[in-house]
Amino acid sequence: MTNTLYIYNTLSANKEEFKPLNKDLVGMYVCGPTVYSDVHLGNCRTFISFDTIYRYLMYLGYKVRYVRNITDAGHLENDADEGEDKISKKARLEQLEPMEIVQKYTLGFHKVLRAFNNLPPSIEPTATGHIIEQIEITKKILDKGFAYESNGSVYFDVEKYNQTENYGELSGRKIEDLISGTRALDGQSEKKSPLDFALWKKASPYHIMRWPSPWSVGFPGWHLECTAMSTKYLGKQFDIHGGGMDLKFPHHECEIAQGCASTGKKPVKYWMHTNMLTLNGKKMSKSTGNTLLPEELFSGNNKLMDKPYHPMVVRFFMMQAHYRSVLDFSSEALNASEKGFNKLMTAIKDLPQLTKSTQSSIDVQSLVDSFYQSMNDDFNTPILIAKLFEAVKYINHIKDGKATISKNDFDLLSDKITAFTFDVLGLNFIDKTDESILEPLMKIILTLRKQAKKNKDYTTADYIRDKVSEAGITIKDTREGSTWSL
RNA sequence: GGUUACGUGGCCGAGUGGCUAGGCAGUGGUCUGCAACACCAUCUACGGCGGUUCGAAUCCGUCCGUAACCUCCA
């Protein structure tokens with residue numbers, strides 16, 4: 001079938017037909033997290049959205065190289081010359097080496113994304129592993145005259161760049177507006193203009209993370225790592241660059257400028273931005289503390305939600321909104337998704353038992369085509385889910401004898417509904433055998449056994465202990481009560 | 001203040017110049033020892049005011065409201 005994929009490109013503010021630079025090969029770069037604290041659900045939304053995009057591209061048959069960085073070099077907490085970087089600060093607070101902080105939160109990040117059933121990217125490079133590349137790019141930009149050295153630091157000359165290129169093309173900003181809107185911050189005297197951004201920063205005496213360079217012992221500017229790593233692994237020009245909306249300006253704008261200044265080419269063909277996840281109508285953000293951690297949501301150990309939610313339910317909930325829309329988090333909305341998710345999964349489980357007929361009572365091919373059409377329209381997962389529910393209704397009708405399906409159509413529908421649900425949306429059946437379900441279950445069993453013992457019904461009490469033991473669970477009676485273990 | 005989005009039924013959330021989004025909740029049924037689950041059917045809509053049009057919730061203007069970015073943030 002013909003599959004024309006349309007992607008909303010932030011650069012043109014329009015949906016554009018997707019044509020990879022190299023036939024069948026796709027290069028995709030997504031800005032990863034700064035690993036100085038736990039990832040919150042807002043962060044997760046972006047990575048789950050791009051995971052689905054990655055999955056669909058592969059499902060269409062593209063060979064995708066998906067690069068997502070880990071920002072493990074400390075960056076300053078604000079734009080002032082002096083200040084502490086986030087990772088060093090956290091290291092001091094927790095009395096750890098900066099790299100211990102990095103390791104801890106990187107592992108946590110991976111664990112959470114695995115719970116959401118995200119596929120790992122093809123390459124996950126770190127900023128500290130690419131200091132040399134960043135220094136090389138800085139040299140190139142200096143050589144081409146788009147940067148200047150000042151007191152051991154190197155800054156990108158935005159106004160110079162803007163003479164020949166268009167700084168602000170991605171975010172729709174004009175350089176004059178930016179200048180007039182800039183407040184004068186203390187200690188910015190090193191820069192020619194407040195718009196200029198650091199390519200290399202000289203380290204202050206107490207800055208822990210530091211590397212030698214031709215200009216000073218220091219550390220790279222925040223925007224530079226993405227340019228260095230995307231260029232290294234995807235080339236001077238690549239297909240898709242993604243990230244959260246909040247990175248559009250200045251981060252991605254600066255990346256375009258750095259790429260263009262160092263290679264003479266615009267680095268990215270399609271810029272994609274995911275919208276914010278909100279809590280109480282406000283953006284989830286580490287700095288404001290308006291956050292919810294995935295673990296808190298999975299365990300139910302939080303004040304905001306009524307009960308725990310399985311990662312697959314949360315993923316399904318996110319898929320019910322388009323990636324470019326703001327999505328608000330609430331118990332009420334999650335509950336609705338949980339029921340919908342179960343309904344979809346039940347129908348898929350019922351699939352093998354359906355009776356096949358000689359004819360189908362609906363046009364199965366066009367229903368299946370609509371799965372593709374939804375995703376081809378800028379990865380419209382909510383429409384896809386609506387179409388999947390159409391299939392669910394059809395499946396239930398067949399079960400009730402109110403509709404029929406032919407053998408061929410059955411094979412087609414089974415194949416596509418499972419492919420789109422599991423391979424594309426990245427959902428999965430909830431494994432009911434994990435300990436989270438055992439815990440409340442054992443509580444009930446122990447309560448019943450306690451009752452039996454109280455009634456001196458030791459036959460029942462022993463029966464329970466023996467049978468549970470056969471199932472691999474040991475019950476221990478202690479003075480404080482009974483406990484269990486696997 | 002500047003820039004950019006958005007405002008859809010009880011809730012969440014798509015889409016669109018005229019043809020049912022979908023999920024949840026509600027209501028009525030089927031099933032069931034009772035209940036829950038599941039399944040079937042079904043109601044409520046496009047922020048206010050103008051304009052363009054045969055026709056707009058969909059285009060334009062304006063007003064009101066909300067959010068994001070302009071400082072680190074997915």
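Dashed line: the shortest gap from a side-chain N or O of A:K339 to OP1 or OP2 of B:rA25 is under 4.0 Å. A:N380 has a side-chain polar atom (N or O) that falls below the 4.0 Å cut-off from OP1 or OP2 of B:rG15. Within the structure, every side-chain polar atom (N or O) of A:K402 is placed at least 4.0 Å from both OP1 and OP2 of B:rC39. The side chain of A:N275 contributes no N or O atom lying less than 4.0 Å from OP1 or OP2 of B:rA5. For A:N396, a side-chain nitrogen or oxygen approaches OP1 or OP2 of B:rC39 to under 4.0 Å. Taking 4.0 angstrom as the limit, A:S325 places a side-chain polar atom (N or O) nearer than this to OP1 or OP2 of B:rA14.
Look at CE on A:M305: it is 14 Å from C1' on B:rC11, rounded to the nearest Å. Protein atom CE of A:M272 is 14 Å distant from nucleotide atom C1' of B:rA74, rounded to whole Å. Rounded to whole angstrom, the span from the CD1 atom of A:I417 across to the P atom of B:rG22 amounts to 16 Å. Look at CG on A:N280: it is 14 Å from C1' on B:rA67, rounded to the nearest Å. Regarding A:I385, its CD1 atom lies at a distance of 13 Å from the P atom of B:rG15, rounded to whole Å. For the pair A:Q373 CD and B:rA21 P, the interatomic distance rounds to 18 Å; values are reported in whole Å. Taking atom CD on A:Q320 and atom P on B:rG22, their separation rounds to 13 Å, with Å as the unit. Rounded to whole angstrom, the span from the CD atom of A:E338 across to the P atom of B:rA38 amounts to 11 Å.
No engagement by A:M245 is indicated, since no non-hydrogen atom pair under 4.0 Å with the nucleic acid exists. Among the protein residues, A:G281 comes within range of the sugar-phosphate backbone only, with heavy atoms under 4.0 Å from sugar or phosphate atoms but none that close to a base. Backbone-only engagement by A:K343 is indicated by non-hydrogen atom pairs under 4.0 Å involving sugar-phosphate atoms exclusively. In this structure, A:L388 reaches neither bases nor backbone, as no heavy-atom distance under 4.0 Å exists between it and the strands shown. Here A:R173 lies in heavy-atom contact (under 4.0 Å) with a base.
Closest contact between the side chain of A:K283 and the listed nucleotides B:rC39, B:rA74, B:rG13 involves B:rA74. Side chain of A:F249, nearest nucleotide from B:rG13, B:rA14, B:rC69: B:rC69. When the nucleotides B:rA74, B:rC69, B:rC40 are ranked by their closest atom to the side chain of A:K393, B:rC40 comes out on top. In this structure, of B:rC70, B:rA74, B:rA67, it is B:rA67 that holds the atom nearest to the side chain of A:K282. The A:F317 side chain lies nearest to B:rC12 when the options are B:rA14, B:rC12, B:rG23. In the set B:rC11, B:rC24, B:rC69, B:rC24 carries the atom at the smallest distance from any side-chain atom of A:A336. Ranking B:rC40, B:rC70, B:rA14 by closeness to the A:H397 side chain, first place goes to B:rC40. Of the candidate nucleotides B:rC40, B:rA74, B:rG13, B:rC40 has the atom nearest to the side chain of A:D400. Comparing atom distances between the A:N43 side chain and each of B:rC39, B:rA74, B:rC37 picks out B:rA74 as nearest. For A:A386, whose side chain is taken as the heavy atoms from C-beta onward, the closest listed nucleotide among B:rG13, B:rC70, B:rA21 is B:rA21.
By the 30° and 60° cut-offs, the orientation of the rings of A:F197 relative to A:F156 is parallel. A perpendicular orientation is assigned to the rings of A:F420 and A:Y59, their planes being inclined by more than 60° (bins at 30° and 60°). Ring geometry for A:H207 versus A:F219: interplanar angle under 30°, hence parallel rather than tilted (30 to 60°). In this pair, A:Y155 and A:Y148 present their aromatic rings tilted. The plane angle is within the 30 to 60° band. The aromatic rings of A:Y167 and A:Y161 stand perpendicular to each other, their planes meeting at an angle above 60°, with 30° marking the opposite boundary.
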Passes side chain to side chain donor-acceptor pair (under 3.5 Å), A:D85 versus A:S88? Steps please.
CA-CA 5 Å; A:D85 79 71; A:S88 298; 2.5 Å; yes
Going through the checks in order, is the side chain to side chain donor-acceptor pair (under 3.5 Å) test met by A:D400 and A:H397?
CA-CA 5 Å; A:D400 287 3; A:H397 277 183; over 6 Å; no
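For A:L327 and A:G172, each mapped to the nucleotide of RNA chain B holding its nearest heavy atom, the one lying further toward the 5' end belongs to A:G172. The 5' end of RNA chain B is approached more closely, in terms of each residue's nearest nucleotide, by A:A321 than by the other of A:E390 and A:A321.
Atom P of B:rA45 sits at a distance of 14 Å from the matching atom of B:rU8, rounded to the whole Å. To the nearest whole angstrom, the two C1' atoms, one in B:rG17 and one in B:rC46, are 14 Å apart. Separation of the C1' atoms belonging to B:rA25 and B:rU62 is 37 Å when rounded to the nearest angstrom. Spacing of C1' atoms, B:rA56 relative to B:rA41, comes out at 31 Å, to the nearest Å. For the P atom pair drawn from B:rG9 and B:rU44, the interatomic distance equals 13 Å after rounding to whole Å. Here the separation of B:rU52 from B:rU58, taken at their C1' atoms, is 13 Å to the nearest Å. Between B:rG7 and B:rG13, the two P atoms lie 11 Å apart (nearest whole Å). Nucleotides B:rA21 and B:rA57, compared at atom C1', are 14 Å apart to the nearest Å.
Between A:M375 and the options A:T52, A:L57, A:I53, A:L5, a side-chain contact (heavy atoms from CB on, under 4.5 Å) holds for only A:T52.
Taking a cutoff of 4.0 Å between a charged side-chain nitrogen and a carboxylate oxygen, A:K15 and A:D377 qualify as a salt bridge. Salt-bridge check for A:E169 with A:K266: passed, with a basic side-chain N closer than 4.0 Å to an acidic carboxylate O.
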Per-nucleotide pairing state of RNA chain B [Watson-Crick or G-U, under 3.5 Å; [ ] pseudoknot-crossing; | other strand]:
(((((((..(((.....[...))).(((((.......)))))....(((((..]....))))))))))))....
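The backbone N or O of A:G340 sits nowhere less than 3.5 Å from a side-chain atom of A:Q320 that would complete a donor-acceptor pair.
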